[in-house]
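Structure first, then comments.
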Amino acid sequence: MLIDEVAGNVTELVEKLNFAEKVDRSLDLIDRAYKEFGDQLVLAHSLGKDSSAIWHLAKRVSSKIRGFIVTTRFKPAETKQFMKEEVARYPELKIFSNDEGIPEKLYATDPDKCCEILKVQPVRQAVKEMGVACWITGLRCTEGRTRTNYKEVEELDKGLIKLNPVLIWYEREIWQYLALNDVNINPLYNKGYRSLGCEPCTKIAQGVDERAGRWIGTSKCGGECGIHTRPLLNYNI
Ligand code: SF4
């Protein structure tokens, strides 16, 4: 089983492997996961650059690999437009959202709750409805302070494997891959964003931390929406 076979010091691999070796490693990880999980291998597409790269990698392994997109009422117009284009091109990408009523400006008063309702819940729904046994994510360990402890293959939820095939890639290498393969990307990157999210919680930011523009002014600054930290299978709301 993939979870038992993939080893290696993630921090060492970031430095040790060159770009081409990382691409090969990512393709191999997705290929092995596809052989093990088949149709139950599903990719989470956030419409950001890392997701565009893993989606392209996955399509090289098999055009049949499915994906899901979680959208919210607060996504920028550019992201919504990009989502429409991606879904038109790849009908195997399914959209999930939660349209239930929430208090006004919950993103300002309780961003954790807002993300739980608008982002984490639809991921749980996607996992359930699509019969996911292994999900592919675009997590990278060099992306920010909250992303240093992940593994390439992990089982944070018992019964749900998570594959992070570009975990050891640098931001530069993602851009290198997208440019070399002429991959369509979210147009917001043209405006200077480095990490994309909902409109009220995302700013253009400079500096070392790629996610520094997320949730500025809250305790969540540079942090996580919860889909990588909250339980997806066995949870209490
Ligand atoms: S990113 Fe902001 S607006 Fe979007 S779900 Fe989270 S708190 Fe709410």
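In listed order, ligands and their atoms are each counted from 1.
Of all the atoms in ligand 1, the ones that sit under 4.0 Å from a non-hydrogen atom of Phe74 are 3 (S). Here is the list of ligand 1 atoms found below 4.0 Å of a heavy atom in Tyr107: 2 (Fe), 3 (S), 7 (S), 8 (Fe). Taking every heavy atom of Pro111 and a limit of under 4.0 angstrom, the matching atoms of ligand 1 come to 7 (S).
The protein heavy-atom contact nearest to atom 2 (Fe) of ligand 1 is Cys201 SG, 2.3 Å. Ranking the protein heavy atoms by distance from atom 8 (Fe) of ligand 1 puts Cys114 SG, 2.4 Å first. The protein atom (non-hydrogen) at minimum distance from atom 4 (Fe) of ligand 1 is Cys198 SG, 2.3 Å. Of the protein's heavy atoms, Cys115 SG, 2.3 Å lies nearest to atom 6 (Fe) of ligand 1.
Other residues, nucleotides and ligands contribute over 12 non-hydrogen atoms within 6.0 Å of the NZ atom of Lys59.
Tested against Trp175 for a ring-ring contact (aromatic ring centres under 6.0 Å, His included), the candidates Trp169, Tyr170, Tyr189 yield a single pass: Tyr189.
Using a 4.0 Å cut-off between a side-chain N of Lys or Arg and a carboxylate O of Asp or Glu, Glu92 and Lys64 do not qualify as a salt bridge.
Ring geometry, His45 versus Trp55: the interplanar angle falls from 30° to 60°, so the pair is classed tilted.
Proximity of Glu199 to ligand 1, defined as any heavy-atom pair under 4.0 Å, is not found for any part of the residue.
Residues Gln121 and Gln125 have side chains that never bring a donor and an acceptor to within less than 3.5 angstrom of each other.
Between Lys119 and Cys198, the closest heavy-atom pair is CE-SG, 3.9 Å.
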